[in-house]
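What follows is a short report on a single structure.
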Amino acid sequence: MRPLLIVGGGLIGLATAQVLVERGERVRVLEAREGVGLETSFANGGLLTPSMPEPWNGPGVYHHLAASLFRSSSPMQLRLRALPSLLSWGITFLRNSTPGRFYSATDDNYWLAVYSLDKTLALTERLQLDYDLLDAGTLSVFQNAEQMAERQAISDHLACHGMTSVTVDRDEIVVLEPLLKGVADKLVGGIWFPDDASGDAHLFCRELAREIVAGGGEIDTGMQVTDLISRNGKMAGVDTNRGRIDASRVVVAAGVYSPHLLRGVGHALPVKPAKGYSVTIDAEGLGELPGVAIQDDESHAVISRFGNRIRVVGTAEFAGFDTSVCKARIDHLFGVLESLLPDLASRADRATAEAWAGLRPMSNDGRPFIGAGNIEGLYINAGHGALGWTMAMGSAHLLADQILDRPTEIDGSPFSATRTI
Ligand SMILES: Cc1cc2nc3c(=O)[nH]c(=O)nc-3n(C[C@H](O)[C@H](O)[C@H](O)COP(=O)(O)OP(=O)(O)OC[C@H]3O[C@@H](n4cnc5c(N)ncnc54)[C@H](O)[C@@H]3O)c2cc1C
């Protein structure tokens, strides 16, 4: 049998390939970039957070987005120039922001995220993967009591499913993260999620790539898929910048670019890009570093640690397919570091810090698309939004079970790639 093709060598495509290779399938990953994990999976926040499974289109999102058209400091930004391309997607995005739909997507994502983190940690242990894993939970800190109450309400809801969260006061925050001592008096409190973790997603991609090749899979980089080819309602292969490849089974895991490819075979996938930024600082020799990933609810930003590197991540812009780096956004991230870890910020070398922007593949009902496409032999694993690292290994197992016609370990129906939204 010809190899199964996977379009996209980011977190999702590589995770899918690794699981299939391990189950004895012949797999070939086709990746447009010169290496794996160089697109959205490159310099993300690194958080593995079943504790934050809620979609962005929660109740009240309409007001946040409308306000952002006129306020440049808003954490979620909607650019006027992006409005026409977002029209029908955006209406469904807003339609899904009722409390009932929000909590339904939150629950579905939670189960997938928990399943995924289990798979990630088990794989890490079994293959001794090295990607600067920090298995110490995440700590959310709040400067505003109302925002803390909102997060607490979601945590209380997830507690019914067995999620552990610990509400902490200022003193307890400092015990969990002593580096926050100098700023604790401006915090109203925090929530610690002991079962979360963090790690470098790009390093994980490289570790997966090594395992795929060691297991007999192939990875072609610099290979751009230009078209999906179908014949008589079945997948027949793909056209690439290096010619045609015949295949009866193709997985599209091309992140924000998945809808372009799928359109060619008549499968409409409602996924749009939401831009985010990160800045990574070499913190070697800068003294003590945080021992836990910190989420700052005030600025909607995250400070993660990967070995001797510190990364500050944030912002969400609906601005089309633009990955240019805006200096003001990076300055904002340095501002977050200054406000929470001022000593570290004062010692950080801004000149050598690596600024980056990436595009989250956002679905319009807040869940990813995992499963068979509209024609035989076509499979989709895309649209994981702000949770693609958290959900990668679980999504891969869910799809592999479907491809191999085996019972799935969690309910895959909420993530169906042909669902009506
Ligand atoms: C700022 C930011 C912070 C984030 N933080 C977190 C976090 O803390 N935790 C978390 O869980 N998630 C986080 N995410 C989300 C996560 O990074 C994404 O959901 C995830 O990377 C998506 O992976 P992917 O494989 O679908 O897409 P990608 O990583 O973009 O991979 C798709 C691949 O397909 C390739 N490709 C596209 N088109 C073609 C083609 N035609 N032919 C061949 N190859 C093609 C691309 O080159 C790319 O390598 C964050 C995202 C951003 C932007």
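Numbering of ligands and ligand atoms starts at 1, following listing order. Here, residue 1 is the first one in the sequence, and each next residue gets the next number.
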In terms of side-chain geometry, is the basic nitrogen of E22 or R126 positioned less than 4.0 Å from the acidic oxygen of its partner?
-> yes
State, without any angle test, whether Q224 and N241 hold a side-chain donor-acceptor pair at a distance under 3.5 Å.
-> no
Give the residue, atom name and distance (to 0.1 Å) of the protein heavy atom nearest atom 21 (O) of ligand 1.
-> S41 OG, 2.9 Å
What part of Y257 sits under 4.0 Å from ligand 1 if we count only heavy atoms: the side chain, the backbone, both or neither?
-> side chain
Protein residue, atom and distance nearest to atom 17 (O) of ligand 1, heavy-atom basis = N44 ND2, 2.9 Å
Protein heavy-atom partner closest to atom 34 (O) of ligand 1 - residue, atom, separation in Å | G8 CA, 3.2 Å
Measuring from the heavy atoms of A253, does anything fall under 4.0 Å of ligand 1?
-> yes
Without hydrogens or angle criteria, can the side chains of H384 and S395 be said to hold a donor-acceptor pair below 3.5 Å?
-> yes
Can you sort out which atoms of ligand 1 are near L261, meaning under 4.0 Å from one of its heavy atoms?
-> 41 (N)
Mark yes or no: R249 above the aromatic ring of Y379, with NZ or CZ under 6.0 Å from the six-membered ring centre and no more than 45 degrees from the axis.
-> no
Is L30 in contact with ligand 1, taking contact as a heavy-atom separation below 4.0 Å?
-> yes
Ligand 1 contact on F42 by region, counting heavy-atom pairs under 4.0 Å | neither
Does a side-chain heavy-atom distance below 4.5 Å link F102 with I154?
-> yes
Could you go through the side-chain contact (heavy atoms from CB on, under 4.5 Å) check for M393 and V19 one step at a time?
-> CA-CA 8 Å; M393 288 313 306; V19 172; 3.8 Å; yes
Quick one: does S278 get within less than 4.0 Å of ligand 1, heavy atoms only?
-> no
Write out the residue and atom name of the closest protein heavy atom to atom 31 (O) of ligand 1, then the distance separating them to 0.1 Å.
-> G10 CA, 3.4 Å
Nearest-0.5 Å distance, CD1 of residue I380 to OG of residue S258 | 8.0 Å
Just heavy atoms, cut-off under 4.0 Å: does A386 contact ligand 1 by side chain, backbone, both, or neither?
-> backbone
From the candidates A357, G255, G358, the one that places a heavy atom nearest atom 27 (O) of ligand 1 = G255
If you measure from atom 42 (N) of ligand 1 to every heavy atom of T315, V225, T323, which option wins on shortest distance?
-> V225
At what distance is the nearest protein heavy atom to atom 19 (O) of ligand 1, and which residue and atom is it?
-> G385 O, 2.8 Å
Are the charged groups of D322 and K275 less than 4.0 angstrom apart, N to O?
-> yes
Compute whether any side-chain donor of one residue and acceptor of the other, for S51 and T49, lie under 3.5 angstrom apart.
-> no
Carboxylate-amine/guanidinium contact R23 D401, below 4.0 Å = yes
Does M391 reach ligand 1, in the sense of a heavy atom lying below 4.0 Å from it?
-> no
Partner of F204 under ring-ring contact (aromatic ring centres under 6.0 Å, His included), picked from W389, F42, F306, is W389
Which ligand 1 atoms are under 4.0 Å away from a heavy-atom of R33?
-> 47 (O)
Identify the protein heavy atom lying closest to atom 24 (P) of ligand 1, giving its residue, its atom name and the separation to 0.1 Å.
-> I12 CG1, 3.6 Å
What residue and heavy atom of the protein are closest to atom 47 (O) of ligand 1, and at what distance?
-> E31 OE2, 2.6 Å
What's the shortest distance from atom 36 (N) of ligand 1 to any protein heavy atom, and which residue and atom give it?
-> A254 CB, 4.0 Å
Give the atoms of ligand 1, by number and element, whose distance to some non-hydrogen atom of Q224 is under 4.0 Å.
-> 41 (N), 42 (N)
